[in-house]
Amino acid sequence: MKKLETNLDPKELSKNPEDFKRFLIALREMELYTYHNTWQVEKINYDYSSLNKKYLEKMTYDYKTRVKRLQDALALNQTFLNEIYKKYIPDSSYYANYNQKELDDLAYNEYSTLNYAVFMYISRDWTNERKKEREMHYKPIIESVQKYVPKNSKILLPGAALLRLGYELAKLGYDIDANDYNFYNIVLCDYLFNYSKKNQFEFQPLIRSFSNYLTEDAVFRKFSFPDEDINLEGKGKMTMFAGDFTKIYNDKPNSYDCVITCFFIDTAKNIIEYIDIIEKVLKKGGIWINFGPLSYHWVGYQNIPTIELPYDKLKEVIINYGFEYLHEEINKTVIYCEIEDFMKNDVFNCVFFACKKK
């Protein structure tokens, strides 16, 4: 029996051509990861080989060592990506309606998502080194759920990323419906929950840049994941859906006892639409728990209509939708995807609240 149910059956996915296309692009980028990152190796070789000899003589290390370490790190990362994408690659017949060159070009446009966001999610959610950060994000939410939401309740977790928060709640007996737009996250979650073993993989997620590090070794730090054998026997059920939150849940009224938004609501183009859907999917008396900043993701996109509200104005909207605040605080200096020996980490003052649908 699967520990996590996902909608990754190619036959079912292909019924929605756009979603299936995004699925194929994610798999292709996993396959082409090393190829799309060889420019880093080429650039280092070019930059240092073109440096004036008098400057090279002042350095105490051979830049070729960096090149070799980078090549080895790319190969290590490609090893775990190969293990995963090969499990999900569909039969060639499913590619008939898609142009391979277009898929390759779109995959190249996505390589920064894999390099940064997905690798950082893995290290945050599924490595032992990031346990402190997870507790900073997830512990207040879990305690709030335990306070306001009865066991065996059904919880919706949109923007679930790699689903560690959902897993911790499922271990406590809650049933979790998770959602994420990013197919990298869906595929990785399916593999981690249903096929992985503790510390099965090593990877080096920090090699995308050499800027802002205190030491060379920090760039090449290795992490093992997942940090535990995932076991949900006798615990809550977990399901994960791929796609746009606003499209999937707009027609599911009175379906959930609780909605949890963790570093999610600021992904909205129109944050009021998110609140509208959250209010709609909650049952009467249902609980909405939020934790995160308001670092609106779509700021600066001139051709995309967006709504960015400061928290005081957002709170007015929440109350106008009929929510009653049960708890509210600002959690200060919350670290997001911290990197040791790094000179520029993201720190937020996060809004943490629990509201009840009247």
Side-chain angles (χ1 to χ4, degrees), residues 2-10 12-13 16 18-27 29-30 81 84-85 87-88 107 110 112-126 134 137-138 141 154-170 174-196 205 225-226 230 236-250 252 255-256 258-269 271 273-274 277-278 281 288-292 295 297-298 336-337:
K2 283 193 169 186
K3 301 164 195 169
L4 174 69
E5 293 293 332
T6 58
N7 55 338
L8 290 177
D9 178 4
E12 292 301 313
L13 273 179
N16 185 322
E18 282 305 309
D19 276 356
F20 191 61
K21 185 177 183 180
R22 292 192 299 108
F23 171 66
L24 295 178
I25 291 167
L27 293 178
E29 179 48 38
M30 290 183 184
L81 290 171
I84 293 171
Y85 94 80
K87 194 164 193 68
Y88 298 93
E110 287 285 317
S112 62
T113 301
L114 180 60
N115 263 0
Y116 176 71
V118 179
F119 278 15
M120 295 308 291
Y121 292 155
I122 297 172
S123 60
R124 182 194 66 181
D125 274 9
W126 294 105
R134 285 199 298 275
H137 295 184
Y138 302 155
I141 296 172
K154 194 170 184 180
I155 296 175
L156 174 62
L157 183 60
L162 293 186
L163 206 45
R164 185 59 181 257
L165 174 58
Y167 174 56
E168 296 299 331
L169 290 167
Y174 296 97
D175 291 337
I176 307 298
D177 274 5
N179 161 245
D180 203 277
Y181 183 77
N182 190 325
F183 268 102
Y184 294 110
N185 293 337
I186 308 293
V187 169
L188 280 162
C189 280
D190 188 83
Y191 190 95
L192 286 169
F193 276 81
N194 296 318
Y195 306 107
S196 73
F225 76 97
I230 298 171
K237 297 178 181 179
M238 297 191 70
T239 306
M240 194 170 194
F241 300 93
D244 187 328
F245 169 70
T246 61
K247 294 178 180 177
I248 294 177
Y249 296 98
N250 199 35
K252 298 185 184 298
S255 298
Y256 295 96
C258 177
V259 175
I260 297 172
T261 51
C262 180
F263 279 82
F264 174 70
I265 58 174
D266 53 4
T267 66
K269 298 184 178 91
I271 195 167
E273 183 181 20
Y274 272 20
I277 294 171
I278 291 167
V281 301
W288 173 22
I289 297 169
N290 176 78
F291 186 97
S295 181
H297 289 208
W298 295 93
Y336 186 80
C337 292

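- The shortest heavy-atom contact between Thr267 and Tyr274 is OG1-OH, 2.9 Å.
- Side chains of Leu114 and Phe119 form a contact here, defined as non-hydrogen atoms less than 4.5 Å apart.
- Taking 4.5 Å as the limit, some side-chain heavy atom of Leu192 sits within range of a side-chain heavy atom of Phe225.
- Residues passing the side-chain contact (heavy atoms from CB on, under 4.5 Å) test with Thr239, sequence neighbours excluded: Glu5, Asp177, Phe241.
- Residues Tyr336 and His137 are in side-chain contact: their nearest non-hydrogen atoms beyond the backbone lie under 4.5 Å apart.
- Remark: the backbone N or O of Gly243 is paired with a side-chain donor or acceptor of Asn179 at under 3.5 angstrom.
- When only modelled atom types and interatomic distance are considered, Ser295 and Asp266 share no side-chain donor-acceptor pair under 3.5 Å.
- When ring centroids are compared, Phe245 and Phe264 come within the 6.0 Å threshold.
- Between atom CZ of residue Phe193 and atom NZ of residue Lys3 there is a gap of 9.5 Å, rounded to the nearest 0.5 Å.
- Between Arg164 and Glu168, at least one side-chain N (NZ, or NE/NH1/NH2) sits under 4.0 Å from a carboxylate O, which counts as a salt bridge.
- In this structure, CG in Asn182 is found 7.5 Å from OH in Tyr121, a value given to the nearest 0.5 Å.
- Atom CZ of residue Phe20 and atom CG of residue Leu13 lie 6.5 Å apart, to the nearest 0.5 angstrom.
- Of all heavy-atom pairs between Ile265 and Trp288, the closest is CG2-CZ2, 4.2 Å.
- In terms of the side chain to side chain donor-acceptor pair (under 3.5 Å) criterion, Ser196 has no residue partners (sequence neighbours excluded).
- Residues Cys258 and Ile289 share a closest heavy-atom pair of SG-CD1, 4.2 Å.
- Inter-residue side-chain proximity for Ile122 and Pro205 is flagged as unmet; no heavy-atom pair is nearer than 4.5 Å.
- With sequence neighbours excluded, the residues satisfying salt bridge (Lys or Arg N to Asp or Glu O under 4.0 Å) with Lys21 are Glu102.
- With sequence neighbours left out, Tyr138 forms a ring-ring contact (aromatic ring centres under 6.0 Å, His included) with no residue at all.
- With sequence neighbours excluded, the residues that form a salt bridge (Lys or Arg N to Asp or Glu O under 4.0 Å) with Arg134 are Asp227.
- Residues that satisfy the ring-ring contact (aromatic ring centres under 6.0 Å, His included) test with Tyr181, not counting sequence neighbours, are absent from this structure.
- Minimum heavy-atom separation, Asp125 to Leu162: OD2-C, 3.6 Å.
- Among residues two or more places apart in sequence or in another chain, the ring-ring contact (aromatic ring centres under 6.0 Å, His included) test is passed with Tyr174 by none.
- Partners of Ala160 according to the side-chain contact (heavy atoms from CB on, under 4.5 Å) rule, which considers only residues two or more places apart in sequence or in another chain, are Leu157, Leu163, Ala178, Met240.
- Here the shortest heavy-atom pairing between Leu156 and Val281 reads CD2-CG2, 4.1 Å.
- With rounding to the nearest 0.5 angstrom, the OH atom of Tyr184 is 7.0 Å from the CE atom of Met30.
- Contacts of Glu110 classified as salt bridge (Lys or Arg N to Asp or Glu O under 4.0 Å), with partners at least two apart in sequence or in another chain: none.
- Shown here are the ring-ring contact (aromatic ring centres under 6.0 Å, His included) partners of Phe291, two or more places apart in sequence or in another chain: Phe352.
- Remark: Asp175 engages no residue in a salt bridge (Lys or Arg N to Asp or Glu O under 4.0 Å) (not counting sequence neighbours).
- A distance of 6.0 Å or more separates the ring centres of Phe23 and Tyr88.
- For the atom pair CD1 of Ile271 and CD of Glu273, the computed distance is 11.5 Å after rounding to the nearest 0.5 Å.
- Residues Leu165 and Cys262 come closest through the heavy atom pair CD2-CB, 4.2 Å.
- In this structure, Tyr191 OH and Thr6 OG1 are separated by 14.0 Å, a value rounded to the nearest 0.5 Å.
- Note on residues 180-194: pairs passing salt bridge (charged side-chain N to carboxylate O under 4.0 Å, His left out), not counting sequence neighbours, are Lys2-Asp190.
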